[in-house]
Every structure is written in C-alpha cells, then in structure tokens.
Amino acid sequence: MNWRKIRIIAWKDILEVRQNKSVLISMVIVPLIIMMVLPAVMLVIANTTGSADALNDPDIQMMFERIPPSISNMLAGMNEVQLSIAMMLGFLFAPMFLIMPLMFSASIAAESFAGERERKTLEALLYTSATDAELFIGKALAAFIPSVLVSWISFLIYIIVLNAGGYPLFGYLWFPLPSWYPLVFWVSPAFAALGVGATVLISAKVQTFMGAYQASGALVIIVLGLFVGQASGLIYLSVWVGLVLGFVVWLAAGVLFFLAIQQFNRKALLYQSAH
Amino acid sequence: MFHVKQVENKSMEKIIEVSHLKHKYGDFQAIQDLSFDVQKGEVFGLLGPNGAGKTTTVRLLNGMFEASGGEISVMGFDPMKSGEKIREKAGVLTETPALYERLTARQNLRFFGVLAGMDDQQIERRSDELLEMFDLSHRADDRAGTFSKGMKQRLALSRAWLTNPKLLFLDEPTSGLDPEAAVQVRELIADVRQKEGITVLICTHNLDEAQRLCDRLLIMRQGSALAMGSLSDLQKLVSPGMWLEVQLLSPFEKMDQIRTIAGVLNLYVHSLQEIKIEVESEAAIPQVVSGLVALGALILRLQPQQIPLEQVYLQLQNNNHKGHNGGVK
C-alpha cells in the first residue's frame with residue numbers, strides 16, 4: 001500500500017470538490033442553517049418576553065415527565081424555560097447534526113466515484129499503476145475526512161451559538177451536554193462512513209453524480225427516524241444510546257464497505273463505464 | 001482469417017507479443033484468435049472500424065481485463081499477472097483526453113506523476129520540459145477545462161509521456177480534433193518518437209494518420225486480424241506487382257501488345273494516351289520501358305504509383321465482408 005498515492009488521490013478529489021460550487025455551497029449553507037440560524041432564532045424567541053409561558057405547554061410538560069433518569073440527570077437544576085431549550089436544542093436537534101456527515105460524505109463520494117465516470121476521466125485513472133485498493137481508499141478518504149471535519153466545525157459553531165444565545169437564560173455555559181460527545185466523535189464519523197459506503201455501491205449502478213447523490217439521499221430516513229423517536233419519547237440520545245447507535249452504524253458501514261470493495265476493481269469499473 | 005501476412009525480423013527485440021488472444025464481453029466475442037507482435041522502436045498501428053476491438057486490445061495489453069484465451073507479453077510481463085508493472089512503464093493516451101478539468105495543467109501532471117511513482121523533483125522537471133515541448137508553458141497554471149480541444153489533447157499526450165515510457169499506447173490520438181490540431185498532434189508524435197526512440201502502438205480508424213505515422217499495421221475487423229505488415233506488404237496483398245502511370249505523347253493503338261512485354265502483369269487503359277501498367281517489381285521497369293519504346297510508344301511521363309492505404313484497407317475489409325457473406329475469399 002503506497003500512502004503517497006492514496007494521499008494524492010484524496011488531494012485531487014478534495015481539490016475537485018472545492019471547485020464544485022454545488023457541493024461547496026451545500027457544505028457551507030446547510031451547517032449555517034442547521035447549526036446557526038435555526039438555534040439562533042429559537043434562542044431569540046426564548047429570550048423574548050412572554051415566551052416562557054409559551055414554552056409551558058402541557059405537551060412539553062408531558063415530555064418532561066417522560067424523560068428517563070439518564071437524561072434528567074444531565075438537566076438537573078434547570079428551570080422550565082432552560083429545560084425546554086435544553087430539550088429542544090440539546091436533544092431534539094441532535095439528529096439534525098447527523099444529517100451533515102451523511103449528506104456531505106454522500107455528495108463528495110458521488111462526485112468522486114460517479115462523477116469521475118460521468119466526466120470520462122475514470123479510464124485514465126485506471127491506466128495508472130495505483131492498485132484498486134489505493135484508488136478505493138484514496139477516494140473514500142476524500143469523502144470521509146472533509147465531511148467529518150465540517151461536522152466538527154459545525155459542532156464548534158453550535159457550541160458558540162448555544163452558549164452565546166443561551167447565556168441570558170442560563171447564566172452559565174450549559175452546552176455541550178455529555179450525550180453530544182459520543183454523538184460528535186463516534187456516531188458522526190460512523191454516519192460519514194455509512195454515506196461513503198452506500199454511495200460507492202449506488203455509484204456502481206448509476207452513471208451520473210446527481211443520480212448517485214439523489215439515491216444516497218434516502219439514508220436521511222435514518223436521521224428522521226431518530227428525530228421522530230426522540231420527539232415521541234421512544235428513544236433519547238443519551239451517552240449509552242449514542243455509543244450503541246454508533247456501533248450499529250459503524251457495523252452497517254463496515255458491511256457496505258466490504259460489498260463496495262468487492263465490486264471496486266478495474267474490470268467492473270470499465271464494464272460499468274462501457275454500459 | 002483472411003490473407004494475414006506477417007513479416008518477421010528475428011533480429012529485432014519484441015516489446016509486445018500476442019498469441020491467439022481471445023476476449024469475451026458476456027456472450028459477445030470481442031477478440032478472437034488475435035496474434036501480432038510489436039518491435040522495439042517502431043510505430044505500430046491497430047487499424048479498423050469502430051467496434052473492431054482496438055481499444056479492447058489495448059486494455060488487455062495493460063492488464064485492465066483478463067483475456068479468455070491466448071498469451072500476451074508486454075515488455076516481458078504478463079498483463080494478467082503484472083498489469084501494474086506494465087502500467088508503470090507504459091504511457092497511455094485514452095480515446096478522450098480524460099483530464100481533470102477543474103485542475104490546472106500542472107496539477108494534472110503532478111497527480112499522474114505521483115501515481116506513476118515519480119518524486120516531486122522529477123515531476124517538476126519533466127512537467128516543465130513537456131509543457132514547453134507541447135507549447136503549453138504559458139497556460140501551465142490555468143485550469144484544463146479552459147483549454148481548446150487541441151490543447152487538451154496536447155496536455156493528455158504530455159501526461160502519457162510524463163514518465164519517459166518505453167512504450168506508448170495512443171487510442172485515436174487525433175479523434176475529434178480540427179485538421180490543424182490533428183496535424184499538430186501527428187507532428188508531435190512523430191517528433192517525440194524520433195527524439196526519444198520509444199515504441200508506439202496507435203489505435204486508429206484514420207487511414208491518413210496510419211499511413212503517415214505507422215511503420216507497420218494490423219488491420220482488424222470484428223475482433224480478428226485481417227492483415228498485418230508494412231504498408232508495402234499490405235499493398236502487395238491487394239496488388240502483388242507495382243503500378244506505373246504512363247502518359248504518352250501521341251495516341252497509341254497497339255494496347256493489346258503491351259500485355260506481351262516481359263514483366264507486365266496487368267494493364268488498365270484510361271485513354272489512348274493514358275495507361276496504367278502493373279509490373280512484377282521495380283527491377284522490371286527498365287525492361288517494360290524498352291518494350292514500350294520497341295512497340296513505338298512515345299513516353300512523355302512515367303510515374304511509379306503507391307497504392308493508397310485507403311484502397312488496401314477498403315479492399316481487405318470488403319473481401320472479408322464478402323467472405324463472411326459466402327463470397328469469394
């Protein structure tokens with residue numbers, strides 16, 4: 001395994017992604033909306049006079065009553081408004097954070113694998129002396145690393161926004177909650193890997209970047225499932241749930257990678273290009 | 001196989017040897033019983049229509065596909081076992097330039113240089129040389145996507161040449177280029193071949209290009225060989241003798257008697273003052289000229305004629321087509 005070759009493949013793909021405005025814009029706009037604009041708006045509303053009554057809704061009260069001890073321990077000592085904010089932005093919003101690694105890894109992988117075929121550059125790449133494994137790893141890393149990095153940067157922005165906007169309500173730095181650490185450093189990379197594995201498999205079946213990207217968009221259903229699960233009180237992203245969820249997603253990503261590696265060989269790729 | 005003629009020179013080193021090669025895409029037999037060799041330093045052409053199997057042959061030679069039968073040796077390596085080593089030592093120009101259009105010319109060369117195992121200094125030095133040689137230095141830091149087709153093809157050629165390969169595969173090197181750019185690319189190929197003395201295998205359906213560039217040709221159709229040899233070898237397949245175009249000062253009436261001159265194989269009469277005579281060989285020309293003079297013909301001009309490759313190619317393809325349809329081989 002030649003790591004210099006792997007690095008240059010990843011470098012080339014990242015450089016190409018940086019030049020692709022549609023991918024780049026989504027990588028800037030989506031985190032800004034999810035991690036900055038939406039929480040900022042909610043915090044502004046919460047800070048507005050009279051909002052405390054609005055948050056004292058019977059449904060929200062019922063949600064507080066259903067909170068398991070593992071979660072309520074994290075929120076101990078908070079008043080009702082603080083609890084509402086913490087539940088909304090600290091828990092219900094958490095699955096939204098997972099959209100980012102999934103979406104970015106899928107879009108970069110689609111650009112890297114299907115896009116290369118669409119732009120008819122694949123054959124020249126296959127004529128190099130890089131092995132199939134080096135090509136695969138280089139391309140997978142090009143999708144994985146930036147999506148994890150952008151997720152982590154978004155997390156930093158989220159910390160700043162939540163603490164800056166929440167300070168008048170809390171009077172102290174209340175975020176991140178302990179459940180976010182496994183989410184950010186364990187589940188989020190797993191989702192990025194899942195996005196790469198799924199998109200590589202999908203890219204084998206479709207001819208265009210958009211086709212691969214749209215098909216891999218179906219993975220967002222997992223995130224929506226988590227969102228609905230939390231909103232209905234079925235599941236809460238506690239530290240343990242995060243660790244278990246991360247394990248399951250890593251396992252799924254591993255299976256997808258295994259399948260993707262099987263079909264990532266010169267012969268199969270050239271046949272796919274020819275048809 | 002129809003009229004395959006192989007002219008071998010045992011003293012020359014063979015860079016490529018292909019013997020009874022077969023390849024299938026699913027149920028479709030893309031290559032069938034193909035045999036040829038390429039000698040060191042020559043420009044060898046695979047000539048045939050689209051779908052003849054030229055690109056598939058190049059892919060097989062580079063170990064991109066596994067052959068379903070036969071044997072291949074490229075620079076001493078078996079592509080099925082050591083494809084990586086062949087791809088490391090050979091340069092390939094694919095049918096499309098296959099450049100990363102969002103990368104600059106220099107970045108494209110750097111990318112392929114690293115993948116070929118070159119160190120940074122080598123890449124920088126060689127890139128400068130090639131960009132200069134291919135007249136791209138002034139656009140070295142511009143994105144390849146902003147280049148004209150001819151410039152892209154020149155950059156793709158420099159990428160193929162980057163590693164100083166011993167062997168170069170060029171798949172339709174002037175396809176899609178305007179005539180001026182095509183001439184420029186052909187000149188570059190001839191020039192670099194002469195300077196660097198490398199072996200070149202060209203896939204083309206452009207007969208003019210094949211005639212200008214190739215030392216030897218393999219004419220293909222539907223995955224098999226129709227004929228192989230130098231242009232003069234192939235001309236002899238179609239017409240065993242040599243044609244002379246003769247222009248006479250005054251009308252000549254004794255045309256039938258020309259056939260009786262020793263060394264004359266065939267006669268084609270355009271008019272009483274313009275005839276074409278097929279003679280056995282170059283050595284027979286003085287004898288034929290004496291015979292014409294003896295018959296009283298006043299020769300104004302006599303020009304030995306090369307049969308154009310186009311005529312050879314079309315006749316071979318046509319004969320093969322008739323053969324497939326039950327015609328006379």
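In what follows, chains carry the letters A, B, and so on, assigned in the order in which the sequence lines appear, proteins first and then strands, with residues in each chain numbered from 1.
Taking B:G63, B:G91, B:A98 one by one and counting their heavy-atom pairs under 4.5 Å with chain A, the maximum is reached by B:A98. Of all the listed residues (A:E116, A:R7, A:R119), the one sharing the greatest number of non-hydrogen pairs under 4.5 Å with chain B is A:E116. Of the listed residues (A:T131, A:N20, A:L135), the greatest number of heavy-atom pairs within a distance under 4.5 Å of chain B belongs to A:N20.
Around the CE atom of B:M75, the shell of radius 6.0 Å holds more than 12 heavy atoms that belong to other residues, nucleotides or ligands. Shown here is B:Q122, whose CD atom has more than 12 heavy atoms of other residues, nucleotides or ligands within 6.0 Å. Residue B:E71 places its CD atom among 12 or fewer non-hydrogen atoms of other residues, nucleotides or ligands, all under 6.0 Å distant. No more than 12 heavy atoms of other residues, nucleotides or ligands shown are found within 6.0 angstrom of CZ on A:R18. Annotation for B:K166: atom NZ does not count as buried by contact number, only 12 or fewer foreign heavy atoms lying within 6.0 Å. The environment of CD in B:Q121 is sparse: at most 12 heavy-atom neighbours from other residues, nucleotides or ligands sit within 6.0 Å.
Heavy atoms of B:D171 lying under 4.5 Å from chain A are absent altogether. Looking at B:V114, the atoms closer than 4.5 Å to chain A (heavy atoms on both sides) sit in the backbone and in the side chain alike. With a threshold of 4.5 angstrom between heavy atoms, A:I9 approaches chain B through its backbone and through its side chain. Using a 4.5 Å cut-off between heavy atoms, A:L125 contacts chain B through both its backbone and its side chain. With a 4.5 Å cut-off on non-hydrogen atoms, B:I86 does not touch chain A at all. Contact of B:Y100 with chain A is made through backbone and side chain together, with heavy-atom distances under 4.5 Å. No part of A:N265 comes within reach of chain B, as not one of its non-hydrogen atoms sits under 4.5 angstrom from that chain. At a 4.5 Å heavy-atom cutoff, the contact between B:L115 and chain A is made by backbone and side-chain atoms alike.
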Q: Given side chain to side chain contact (heavy atoms under 4.5 Å, CB included), test A:E16 with B:L103 step by step and report yes or no.
A: CA-CA 7 Å; A:E16 281 212 294; B:L103 268 57; 3.6 Å; yes
Q | A:R266 vs B:F65, side chain to side chain contact (heavy atoms under 4.5 Å, CB included): CA-CA, chis, key distance, verdict | A | CA-CA 8 Å; A:R266 283 175 159 78; B:F65 291 150; over 6 Å; no
Q: Under the side chain to side chain contact (heavy atoms under 4.5 Å, CB included) rule, what do A:T128 and B:F111 come out as? Steps first, then yes or no, please.
A: CA-CA 10 Å; A:T128 65; B:F111 175 67; 5.9 Å; no
Q | Intermediate values then yes/no, side chain to side chain contact (heavy atoms under 4.5 Å, CB included), B:R59 and A:E123 | A | CA-CA 10 Å; B:R59 288 174 175 176; A:E123 191 167 358; 3.0 Å; yes
Q | salt bridge (Lys or Arg N to Asp or Glu O under 4.0 Å) evaluation trace for B:D120 with A:R4 | A | CA-CA 11 Å; B:D120 290 345; A:R4 188 165 172 255; 2.8 Å; yes
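To the nearest 0.5 Å, atoms CD (B:E84) and CD (A:E134) are separated by 7.0 Å. A distance of 4.5 Å separates CZ of B:R110 from CD1 of A:I8, quoted to the nearest 0.5 Å. With rounding to the nearest 0.5 angstrom, the CG atom of B:N108 is 9.5 Å from the NZ atom of A:K12.
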